[in-house]
Q: 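Handing you a structure now.
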Amino acid sequence: MSETWLILGATSSMARAFIRSVAERGDAVILAGRDMVDMAASATDAKLRGASDAFAMRFDARDPETFGPLIEAMEGREGMLSAAVFVGSMPAQSAIDADPSLIDGTIIDSFTGPARLLQMLAPLMEARGGGTVVGVGSVAGDRGRVGNYVYGAAKAGFHTYLSGLRNRLTRAGGHVVTVKPGFVDTAMTWNVEGMFLVAQPEKVATDILRAVDKKKNVIYTPGFWWAIMTVIRLVPEPIFKKLSI
Amino acid sequence: MSWRPDTYTGWGRALSATGEIARPERLSALEALEAAPACGRRRSYGDACLNGEGRMVDMSRLDRVLSFEDGVLHAEAGLRLGEIMRLFAPRGWMPTVVPGTGYATVGGAIAMDVHGKNHTEGTFGCHVEEITLTQNGKRMVTTPGSDLFGATVGGLGQTGIITSAKIRMTSLEGRSMYVHERRMENWDEFIAELASSEAPYVVGWIDATARGSALGRGVLEEARPVDKNPPPVKGTKSVPVDAPGFALSKPVVRVFNAAYFRRVPSIGRKVTRSFGDFFFPLDRVQDWNKLYGKKGFHQFQCVVPDNNTPALRDMLELIAGSGLASPLAVLKRLSDRSAGMMSFPMEGLTLAVDFPASKAAEALIARLEDMTLDAGGRIYLAKDALSAAATIDAMYPNRAAWTAEAAKADPDGALETDLTRRLELRRT
């Protein structure tokens with residue numbers, strides 16, 4: 001049976017690569033985000049790559065009024081319902097230091113906005129007895145670091161939310177994959193210094209889809225980030241607090 | 001955070017540039033950028049995709065298929081031709097003309113007006129129905145027949161950033177390519193067979209190290225689509241690090257070429273190949289340019305009109321005698337069907353030979369360019385890294401008219417590249 005994927009944050013290059021992967025399987029895609037012109041182009045691209053249907057809808061993590069129509073659209077689809085969350089914002093830590101109110105928006109974009117939408121979607125998924133939620137978090141959520149701990153905290157919150165949602169949806173035959181990407185070659189990281197082992201979005205998309213198929217719970221992508229983050233998590237706090245990594 | 005400083009090269013890796021690069025992922029991001037020249041996947045060999053005195057816009061992320069109706073594909077400029085093949089060949093369509101690498105993008109194929117193995121169809125630009133340019137942040141649409149179109153096709157990106165284009169595709173009668181490979185024992189046989197071949201796709205590999213009576217020997221491939229399943233696709237390999245200098249030294253190349261020649265039995269053979277393997281044979285080895293080591297390489301590609309083919313034989317003799325050539329050498333027919341003022345093809349034969357970069361290779365290429373000019377031919381700017389303004393001026397009769405059009409589109413010269421500066425192409 002055909003599956004419909006709701007893609008939150010469809011303009012990101014990681015989302016684009018993922019949309020192409022599910023499109024080539026023949027799934028339907030609802031692209032959700034703010035740049036309607038860009039998403040219209042991606043929707044056509046998805047259709048010509050094999051998506052059974054693809055269209056764009058407005059989604060703004062900071063504007064809950066945009067959530068209802070998305071849920072309605074999903075409710076109107078036949079077959080399994082799935083969602084993939086690629087939204088998030090990462091202001092420079094220095095910008096947050098200068099204007100702490102930026103914290104609110106970062107938390108909404110990276111955690112509470114998409115969580116609220118997923119919370120509305122969960123009952124529909126339960127009713128149909130299946131579907132998958134892909135939640136893209138970050139290795140930054142594994143431990144707070146001086147460089148970007150607000151973004152890290154938002155993603156840590158999102159990870160915990162996804163863990164709970166997994167606990168819930170599993171009971172109804174659904175599944176949740178938490179994805180923790182390392183550095184990915186996107187517009188967000190284009191001119192950020194200190195990037196290393198940067199992965200292409202296509203590689204991340206392939207890893208995510210494999211995790212969906214194998215019903216993995218939590219993945220690092222590329223996989224070697226698991227080893228890096230294991231070491232980082234194991235550093236005792238008295239030492240970690242003096243490091244600048 | 002749009003601009004990132006970087007040092008980068010063309011495919012030949014012999015020249016490099018240091019400057020800022022932006023890589024927009026959306027149209028709105030592209031249109032917000034200050035004017036700068038654009039590049040695709042940097043498959044031109046020399047400095048056409050370099051700007052050491054300014055910025056460069058990398059179009060590789062604007063790569064979406066925007067529509068496909070009645071055989072006409074509308075695609076963003078960053079879409080790779082190999083991806084178009086992958087997506088559309090199973091549905092029975094392909095671009096009418098494709099170059100030797102699927103990594104070339106739609107934008108690059110237009111800016112270089114590339115040619116393929118089917119010379120009768122002319123160049124890539126002959127099948128373009130519309131081009132959308134971004135000129136200083138503003139959109140401009142151009143269609144065949146206009147001066148702007150003629151200056152854009154083969155126009156080295158000097159009329160604006162090629163943003164998207166509508167391409168007439170060709171319907172594909174088959175699922176794979178049926179290839180007839182035959183040994184050509186010498187130059188005269190090669191020339192005669194190339195001239196008389198009636199296959200839709202024809203390409204010759206030439207052993208640029210063979211001398212004496214074997215001068216000009218090689219393998220002629222004649223191909224047509226066939227409704228047979230292709231053989232299973234082999235995985236791609238990649239060259240992870242720069243190869244050492246001796247990898248392409250004279251004895252190694254001579255032995256390799258002899259073996260490559262004898263791979264085809266003396267009575268010839270007929271094989272079925274996937275579209276990818278036939279059209280883009282080198283793409284199976286990723287980053288093969290690293291085989292030439294850190295110093296990189298140069299490709300010399302010229303076209304010589306039919307009445308002067310003996311000049312081409314003289315060039316080959318000079319190349320074979322030098323012992324500088326690599327195994328990559330190609331002989332093909334071209335027609336005068338092209339779509340741009342600065343398009344490379346003319347009715348005749350084209351020879352392309354790779355040389356590991358060295359002073360000796362530079363001197364040899366300079367002589368070959370002189371011989372091309374004397375024979376009434378021209379060299380291909382997509383490959384060039386070494387030529388000079390006067391030579392190119394003499395080879396491209398429409399240069400002045402093209403310069404005038406480019407000046408209208410880009411009065412401040414904001415789109416100049418290392419190549420246009422080196423060859424003074426924008427000089428009025």
Side-chain angles (χ1 to χ4, degrees), chain A residues 7 9-21 23-26 29 31 33-51 54 56 86 89-95 148 183-195 198 200-205, chain B residues 1-6 19-33 41 55-80 82-91 93 106 132 139 163-164 166-167 169 236 238 286:
Chain A
I7 311 287
T11 51
S12 87
S13 43
M14 242 188 281
R16 243 189 230 179
F18 184 75
I19 290 165
R20 287 176 169 185
S21 302
E24 288 192 20
R25 294 183 161 201
V29 206
L31 297 88
R34 284 178 297 176
D35 189 336
M36 296 303 287
V37 173
D38 181 75
M39 288 191 300
S42 290
T44 319
D45 181 78
K47 265 198 247 178
L48 288 164
R49 284 167 191 267
F86 292 91
S89 63
M90 188 176 70
Q93 192 71 42
S94 55
N148 66 348
F183 297 138
V184 185
D185 189 11
T186 63
M188 191 156 106
T189 60
W190 177 246
N191 197 18
V192 176
E193 277 182 41
M195 291 284 142
V198 177
Q200 289 307 307
E202 291 76 19
K203 157 76 178 154
V204 172
Chain B
M1 287 201 285
S2 297
W3 300 97
R4 172 167 100 181
D6 205 354
E20 288 185 320
I21 301 178
R23 190 187 59 191
E25 293 185 346
R26 307 184 206 181
L27 213 51
S28 55
L30 172 71
E31 287 172 350
L33 297 173
R41 294 269 172 174
R55 292 163 152 181
M56 182 61 80
V57 180
D58 175 335
M59 294 292 286
S60 61
R61 288 284 167 99
L62 286 165
D63 64 344
R64 287 166 296 188
V65 184
L66 300 175
S67 70
F68 182 63
E69 278 163 44
D70 305 326
V72 177
L73 174 80
H74 187 198
E76 287 183 324
L79 186 64
R80 287 179 289 115
E83 185 75 349
I84 298 179
M85 284 285 271
R86 188 180 74 79
L87 294 171
F88 288 92
R91 299 180 216 177
W93 295 93
V106 167
T132 302
R139 233 168 285 174
T163 308
S164 69
K166 290 185 179 168
I167 304 150
M169 307 259 273
T236 55
S238 70
Q286 271 189 26

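No experiment lies behind these values; they were computed from the predicted model shown.
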Q: What part of B:Glu83 gets within 4.5 angstrom of chain A, counting heavy atoms only: side chain, backbone, both, or neither?
A: side chain
Q: Do NZ/NE/NH1/NH2 and the carboxylate oxygens of B:Asp63 and B:Arg80 come within less than 4.0 Å?
A: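 Salt bridge between B:Asp63 and B:Arg80, a charged N being under 4.0 Å from a carboxylate O: no.
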Q: Taking atom types as modelled and ignoring hydrogens, do the side chains of A:Asn148 and A:Gln93 form a donor-acceptor contact shorter than 3.5 angstrom?
A: no
Q: Measure distances from B:Leu66 to the heavy atoms of chain A and classify the residue's part below 4.5 Å as side chain, backbone, both or neither.
A: both
Q: Examine whether an atom of B:Leu79 lies under 4.5 Å from a heavy atom of chain A, and if so say whether it belongs to the side chain, the backbone or both; otherwise answer neither.
A: side chain
Q: Is the backbone of B:Ala22 close enough, under 3.5 Å, to the side chain of B:Ser2 for a donor and an acceptor to pair up by distance?
A: no
Q: Verify, without hydrogens or angle tests, whether A:Arg16 (side chain) and B:Glu25 (backbone) share a donor-acceptor contact under 3.5 angstrom.
A: yes
